[in-house]
Amino acid sequence: MLKRCLLKKAIFKKTTLCLWLALSASQVFANLSAGDLKNFGDKAELRFGTVSNFGQEGTFDAIVTLNNHSAIALPKGTANWKIYIHSVKRILSTSSTEFTFKHLQGDLYEIAPTDKFSGLLSGSSLKFPYKARGHIVSYSDYMPRAFIANAAGDSAVFANTDTENLEQFIDPFVKPEQFLRFDIPKDLYSVVTPNSRYQTNLAINQLDTTSEDVKIIPTPKNVTYSKGSARIDNSWKIIEVGGLSFESDYLQQRLRDSGLLLEKTVTTNIPKKQVIELSIDKKFTNAEAYELNITGERVVISAGGATGVFYGVQSFLSLLPVQKASVQSVPALRVFDEPRAPWRGMHYDIARNFHGKDAVLALVEQMGRYKLNKLHMHMTEDEGWRIEIPGLPELTEVGAFRCFDLTETKCLMPQLGNGPSKTAAGNGYLTAADFTDIVKFAAQRHIEVIPEIDMPGHSRAAIKSMEARYKKLMAAGKKWEAEQYLLSDPQDKSQYMTVQSYSDNSVNVCLPSTYAFIEKVTYELQQMYRNAGQKLNVFHMGGDEVGKGSWSASPACEQLFANNDRGVSGIADLKPYFVQRISEITSKRGLDIMGWEDGLMYDPNNTFNRAQILNKRVIANAWDNIWEAGVADRAHRLANNGYDVVISGATHLYFDHPHEASAGERGYHWATRYTDLAKVFGFMPDNLYANADRTFIGAEITNLNGLVGRILPPLTKPEHVLGMQGQVWTETIRTKTQLQSMIFPRVIVLAERAWFKAEWEGDVPNTQARDQAWREFISTLVSKELPKLEQSGSAFYLPPPGAVRTNNKLSANTSLPGLAIEYSRDQGKNWASYQQEIEIGTAPILLRSRLNSIVSATTVLN
């Protein structure tokens, strides 16, 4: 009624009456104060909705709805307020004439009323549609914490978006054009349902475990089981010969957690019975190899050094039952074990969103338990700088926090759904002392920490921090100090746009101050390692995804081309020039360097000249293996040209991708629609092309050479493939629990493949043997490893169950046989245990998987 009244053309008396009615129903202000913003944000509801992914090719249509349940009315026309939303999908256009969309940087967009805005009274709604690049098929593709702000810098988050329950502000995905990615070509990845899960799970549920032997994960190279067992009680002792104090202390503590209180002694006079002996034996040539010998009277763990002993300790501990007890029984056996590869890594992006020191330590602890030995810490990004560098406080004062400061002198602008508050989740950094503690903690577990300072792209946090430093010092009249570590040229007019929608994130590689900055950061990192009693061995420079067009209008680069004393003649020479400069800095410090594959290549086919890079080792993460794109051979090209390579393929080893094809699953899906545990288990790092299973759209790959239209190069120098590594990027991961649910238990499966080469692997994998091995692995994972993971305090992912209704009876199963299944008839108020087929009638029911206190997401069987 009020809207009709306001819009009606009327005589003066009628207009006055309408205005009085409107003002009596809601408070209309031309300019919103901080209090108005708070009241409006608390009560108004902002929602996102996917209209269709089936529109113009490569785009989707979406809509933002604003329901005004507050007492604050937004006046018509332009005003002092603007709405800010996060959209990781680049918004291209809007059909609205009442609002303008303005892209700021990254995923932050500004929505402002135009002079055609008709106003929004209390109780009214408005919609503004937009078209964006790509597609949206998961709730996590949208970001929380949209907010409204005024020109004075006051802001308020829309309360209904201030949540990690994304369905609270996102319209359901119910139509094919919403939950499928495209229709031309057809999206061949079907969205899972309880029925489809049930049918898929049948195969693994029909396989039985064929052995009753207690399994060790990761699987040892050689195991011989004997009759009998060792019954260990508190009369046993831990004996170490010296030099293994951490390993023996660690064993003692873990046994204490299992209910055993064993004394520890350092001696060479070793008793014959009731001892767990840790010893050094120089017969081992591989530092990571070990032998574990268990009889009824003693346990002997021997290796050539502390690393092997530590791994032997882990294998022994993995044999212990889950239940805490004062007497523990372990089977008699003999193990000789060594890893398939020297590099068994996990990459963790702490830069996009920061989860705290404890999250890092928790990951390191589990990595040690499963014999992973490289922690690649991605510490800098466009969205955050997460490591304190003494002498450059702006890197963390500005670069470690995001808040509503569009001048970016106090913090970076908001990104990735953290909203306008500096105290929001995702903000923060590691102090130098924190990082030193992490390096020390990891080294005790024989894990090397690889720090990554990502440059020259992905460097916006560093650039903006140094610009803030520059402004501050220039204002103080300190020009030399201001320019000392500057990473950007104020005269650079280059234009580019990165995949992540940044136009200002490339460090200027032509400035001398850029290399002064790298020298400073490298020096301080080395000091942190020395303070931890360790040595920095590898400096990861990043190098990936540099925006095309970077430096194309840079006076500093034009001057470099003109001088040409470094052999730099044009734009194409700048990336290898940057790598050479990094090489000079790091090689003088005795460091190897590492980078993402595209940071070490001119183009998909041509690597930089390895002879021009001074470091003894140059290591590449080979990550981009969308098969039909034709670049999955870059791992071979780099290895064949003398680079060391770590297999890091996105289609199987990116743990920020969803666990299954479902709108409710967190994660990006640019490389593959999903990555489940079985997919990780089946990955073969020694036979890269054999992993080509499905294309991006979901078509089965039967002839990879035919798919890409050429013969892919073979691996001629396998000695340069160091191993494999899992990756987790954290754009959609804002909390520690979310992080752990994406990593665990996939990282345990990663450890299995990184450590143990199975018999079923080969040029043509034996899929029947693989599936049987997977069933055996699941048995141990569910019965022992996941309960132990829960005991450690870590969260982890459980797959929802599959279910069908036949003649009003429920049949349910799970992809991890051994998990409990529960169902609810009353919308989750009460849950019952599913044991076998049961009568359920015709009403919808809820189902979930459970392992002790850990439950899966709920699924609905209609």
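Numbers for residues simply follow the sequence, beginning at 1. Since the model is a prediction, treat every value here as computed from it, not as a measurement.
In this structure a side-chain-to-backbone donor-acceptor pair under 3.5 Å is present from S140 to G667. Under a 3.5 Å cut-off, the side chain of S138 and the backbone N or O of R666 do not form any donor-acceptor pair. In terms of modelled atom types and a separation under 3.5 Å, the side chain of N150 and the main chain of G153 share a donor-acceptor contact. D405 contributes a side-chain N or O that, together with a main-chain N or O of K410, makes up a donor-acceptor pair within less than 3.5 Å. At least one donor-acceptor pair under 3.5 Å links the side chain of E408 to the backbone N or O of M413.
To the nearest 0.5 Å, atoms CD1 (I111) and CH2 (W81) are separated by 9.0 Å. A distance of 10.5 Å separates CZ of F128 from OG1 of T100, quoted to the nearest 0.5 Å.
Other residues, nucleotides and ligands place more than 12 heavy atoms under 6.0 Å from the NZ atom of K357. In this structure, Q827 places its CD atom where only 12 or fewer heavy-atom neighbours from other residues, nucleotides or ligands lie under 6.0 Å away. Q495 CD: 12 or fewer foreign heavy atoms inside a 6.0 Å radius.
Put simply, the residue from N353, D349, V728 that forms a side chain to side chain contact (heavy atoms under 4.5 Å, CB included) with I733 is V728.
Note on ring orientation: taking the six-membered ring where Trp is involved, the planes of H135 and F182 are perpendicular (angle over 60°, cut-offs 30° and 60°). The aromatic rings of W670 and H657 sit perpendicular, their planes meeting at an angle over 60°, well past the 30° parallel limit. Note on ring orientation: taking the six-membered ring where Trp is involved, the planes of F158 and F40 are perpendicular (angle over 60°, cut-offs 30° and 60°). The aromatic rings of H103 and Y109 sit tilted, their planes meeting at an angle between 30° and 60°.
Annotation: Y470 is not in aromatic contact with W480 [ring centroid separation under 6.0 Å not met]. The aromatic ring centres of W596 and H458 sit 6.0 Å or more apart. Annotation: F173 is in aromatic contact with Y139 [ring centroid separation under 6.0 Å]. Annotation: Y429 is not in aromatic contact with F354 [ring centroid separation under 6.0 Å not met].
A pairwise comparison of heavy atoms in D107 and L416 identifies OD2-N, 2.7 Å as the closest pair.
By the 4.0 Å N-to-carboxylate-O rule, R47 lies close enough to D171 to be salt-bridged with it. Ion pairing of R352 with E381 is present here, as a side-chain N (NZ or NE/NH1/NH2) and a carboxylate O approach within less than 4.0 Å. E397 and R469 are not joined by a salt bridge, as no carboxylate oxygen comes within less than 4.0 angstrom of a charged side-chain nitrogen. Salt bridge K471/E467: absent, no basic N to carboxylate O contact under 4.0 Å. The pair E394-K472 meets the salt-bridge criterion, since a charged nitrogen lies less than 4.0 angstrom from a carboxylate oxygen.
Annotation: cation-pi pair K422/F401 present, NZ/CZ under 6.0 Å from the ring centroid and within 45° of its normal.
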